[in-house]
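Inspection log for the structure reproduced underneath, given as structure tokens.
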Amino acid sequence: MYYIGIDLGTSSVKGLLVDEKGKIIKEASANYSVYYPQSGWSEQNPQDWLNATNGIINDLSEGKKSEIGGISFGGQMHGLVILDEHDEVIRSCILWNDGRTQKQTAYLNEQVGKEKLSEFTANVAFAGFTAPKILWVKENEPENFARISKIMLPKDYLAYMLTGVHATDYSDASGTLLLDVKNKRWSDEMCEICSVKKEWLPKLYESFEVIGRVKAEYGLPNAVVTAGAGDNAAAAIGTGTVGDGDCNISLGTSGTVFISKDGFSVDDKNGLHSFVHATGKWHLMGCILSAASCNKWWIEDILKSDNYDLATHGAEEKLGKNDVFFLPYLMGERSPHNDVNARGSFIGLRPDTSREEMALAVMEGVAFALKDCIEIARYSGLTVNSSNICGGGAKSKLWKKIVANVLNLEVYCTETEQGPAYGAAILAMVGNGEYKDVSSACKNIVRKKDLIKPDAVLVKLYEKKYAAFKTLYPSLKDFFALTYGNN
């Protein structure tokens, strides 16, 4: 049998066709637009996702429709998709990196209180989470709020259109701030706080559980659909990050530090998200809102180039010695600062500052922000000595070397680089019975390669630079609030 894994990303949807041994048979992708109605807002049209996904499924299944055993998804998290009683999309999806909910996030954290939020959901409110978006719609678009019949996350909208089943998985639901993560159930308290009716919410499944079969019109008579996972949990499956203490770093549009846990836990500062893993267990995750997107912005939008290697040519000689710093907060920041007002910033420019130094500062700034998350994990008592690395940024040997030395970790890649889509395909295999569970599937399928060990000299140099980097955000926090707080 063959399996299709779909990765619903922010800039594109990607699909893989794999066999039961995990061999990639075919790949496909399709791009779509992000809309920015106002500064700091970020939206997409769910119909664009559906059109792109349908095209990819048709492409991947061509000539093999009766041999497709299952489909599953990894998807961008936190987005708010709302449908009316006729299953029509009410408004554009408010995305994970949208910053409009500053007021609602402050209400949840300050009026409801972080302690209660952590008690109810194991997390505090971040502007990108789904619950603040629901409150924003209620307060600013009451006519749309009154029409809500179903609330969905992005990938779950696709699964719904494929199967007619209103479902989500625990990993993705963890990022709504409506899920009692510890007990794996919708939180009655949070539903009441956010005026959410329970019947609006989808049924909860483990990521590898079958939610239904593909509708007949797709012509895939033997294909089941499993619930899938949030993109980071799906990427963790695709990279074999399933054991207690295993770590995966993603350099995608956003950046994440994902630490798999056998048991439930919450760090005492709530600096990391405490979510359910696609294995059925748990994980801790730090998320920075801009990672590879910073590099794309710098090279494509500012330098007006598509040659990423040229932009950093010669920069390796300056590793650990670059005196230009970059704060990668182009869309505000989530972990650990939780500040929608934060902005990207270059610091330390001089008349002789070179393009290479600025390009290197962008990569280093993202690595320093990821280190902020790793340091919280270490402070919480977790031992992290090695990590897989995936995402578009992981294609850069220079960036991987920077990450290994800034974080003082052994860093490796896997033979397959399509983390979320590959993880989704593995979830489809498990759902259809090819493997007894996710861990055994990963053990049989996922292979490591390209180990990068930190260099003691560079580690020491970067420790000094990181100490300086840590002073920058606190120094600029009041400036960000004063200048951008009302925007």
Side-chain angles (χ1 to χ4, degrees), residues 76-78 96-97 105 109 114 117-118 121-129 171-172 174-175 177 181 229-236 239 241 245-261 264-278 282-294 327-340 342 364-391 393-394 399 402-404 406-409 411 419-420 466 469-470 473:
Q76 52 167 294
M77 297 179 68
H78 314 302
W96 58 273
N97 57 357
T105 303
N109 283 331
K114 291 183 178 181
L117 293 179
S118 187
T121 72
N123 295 280
V124 298
F126 288 80
F129 282 5
S171 75
D172 215 358
S174 297
L177 205 67
V181 171
D231 51 4
N232 292 294
T239 57
T241 310
D246 287 355
C247 182
N248 181 54
I249 293 169
S250 175
L251 283 176
T253 301
S254 62
T256 57
V257 174
F258 184 109
I259 302 171
S260 177
K261 295 277 291 176
F264 169 80
S265 66
V266 179
D267 82 87
D268 58 9
K269 296 182 179 180
N270 286 113
L272 302 178
H273 308 327
S274 180
F275 288 171
V276 181
H277 194 353
W282 286 269
H283 70 273
L284 294 175
M285 184 175 73
C287 177
I288 65 173
L289 293 181
S290 302
S293 54
C294 290
L327 295 182
Y329 309 144
L330 297 181
M331 295 295 295
E333 190 53 299
R334 187 180 293 180
S335 301
H337 304 309
N338 197 7
D339 188 353
V340 297
E364 291 174 333
V366 171
F368 289 141
L370 291 171
K371 186 175 176 70
D372 282 341
C373 300
I374 284 285
E375 289 301 295
I376 293 174
R378 287 170 172 159
Y379 173 82
S380 301
L382 298 178
T383 299
V384 184
N385 295 319
S386 66
S387 178
N388 178 68
I389 189 167
C390 67
W399 212 346
I402 291 168
V403 169
V406 167
L407 276 61
N408 193 16
L409 292 175
V411 169
Y466 177 66
F469 176 86
K470 286 197 299 183
Y473 171 77

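Here the shortest heavy-atom pairing between G271 and I376 reads CA-CD1, 4.1 Å. Minimum heavy-atom separation, K470 to D372: CG-OD1, 4.3 Å. The two atoms that bring D267 and S380 nearest to each other are CB-OG, 3.2 Å, heavy atoms only. Between L289 and E333, the closest heavy-atom pair is N-OE1, 2.9 Å. Shortest non-hydrogen contact noted between H78 and G175 is ND1-O, 2.8 Å. Of all the heavy atoms in P328 and F469, the pair that sits closest is CD-CZ, 4.3 Å.
Counting only distance, with no hydrogens or angles, the side chain of S174 and the backbone of V276 share a donor-acceptor pair below 3.5 Å. Listed for the H277 side chain is a donor-acceptor partner under 3.5 Å among the backbone atoms of T241. Panel note: side chain T121, backbone L117; a donor-acceptor pair is recorded below 3.5 Å.
The shortest side-chain heavy-atom distance between L177 and F126 does not fall under the 4.5 Å cut-off.
How far CD1 of I389 is from CD1 of I249: 5.5 Å, rounded to the nearest 0.5 Å. Of the inter-residue distances, the one linking S265 atom OG with L382 atom CG reads 6.5 Å to the nearest 0.5 angstrom. Here L251 contributes atom CG and C390 contributes atom SG; the two are 8.0 Å apart, rounded to the nearest 0.5 Å. Going from atom CZ of R378 over to atom CG of N385 covers 7.0 Å, rounded to the nearest 0.5 Å. Between the NZ atom of K371 and the CD1 atom of I288 there is a distance of 13.5 Å, given to the nearest 0.5 Å. Rounding to the nearest 0.5 angstrom, the gap separating the CG atom in D246 from the OG1 atom in T239 is 8.5 Å.
Scored by the side chain to side chain contact (heavy atoms under 4.5 Å, CB included) test, S290 finds S293, C294, L330, M331 as partners (sequence neighbours excluded). Listed by chain and residue number, V181, F264, V266, S274 satisfy the side chain to side chain contact (heavy atoms under 4.5 Å, CB included) test with A122 (two or more places apart in sequence, or in another chain).
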Self-check item: Residue pair Y329, D339: steps toward the side chain to side chain contact (heavy atoms under 4.5 Å, CB included) verdict
Solution: CA-CA 9 Å; Y329 309 144; D339 188 353; over 6 Å; no
Quiz prompt | Working for side chain to side chain contact (heavy atoms under 4.5 Å, CB included), residues N270 and N338 | solution = CA-CA 10 Å; N270 286 113; N338 197 7; over 6 Å; no
Quiz prompt | Step-by-step side chain to side chain contact (heavy atoms under 4.5 Å, CB included) determination, F129 to T105 | solution = CA-CA 9 Å; F129 282 5; T105 303; over 6 Å; no
Could you pull out every donor-acceptor pair under 3.5 Å between side chains of residues 252-259 and any protein atom, sequence neighbours left out?
residue : atom : partner : partner atom : Å
T256    : OG1  : N232    : OD1          : 2.9

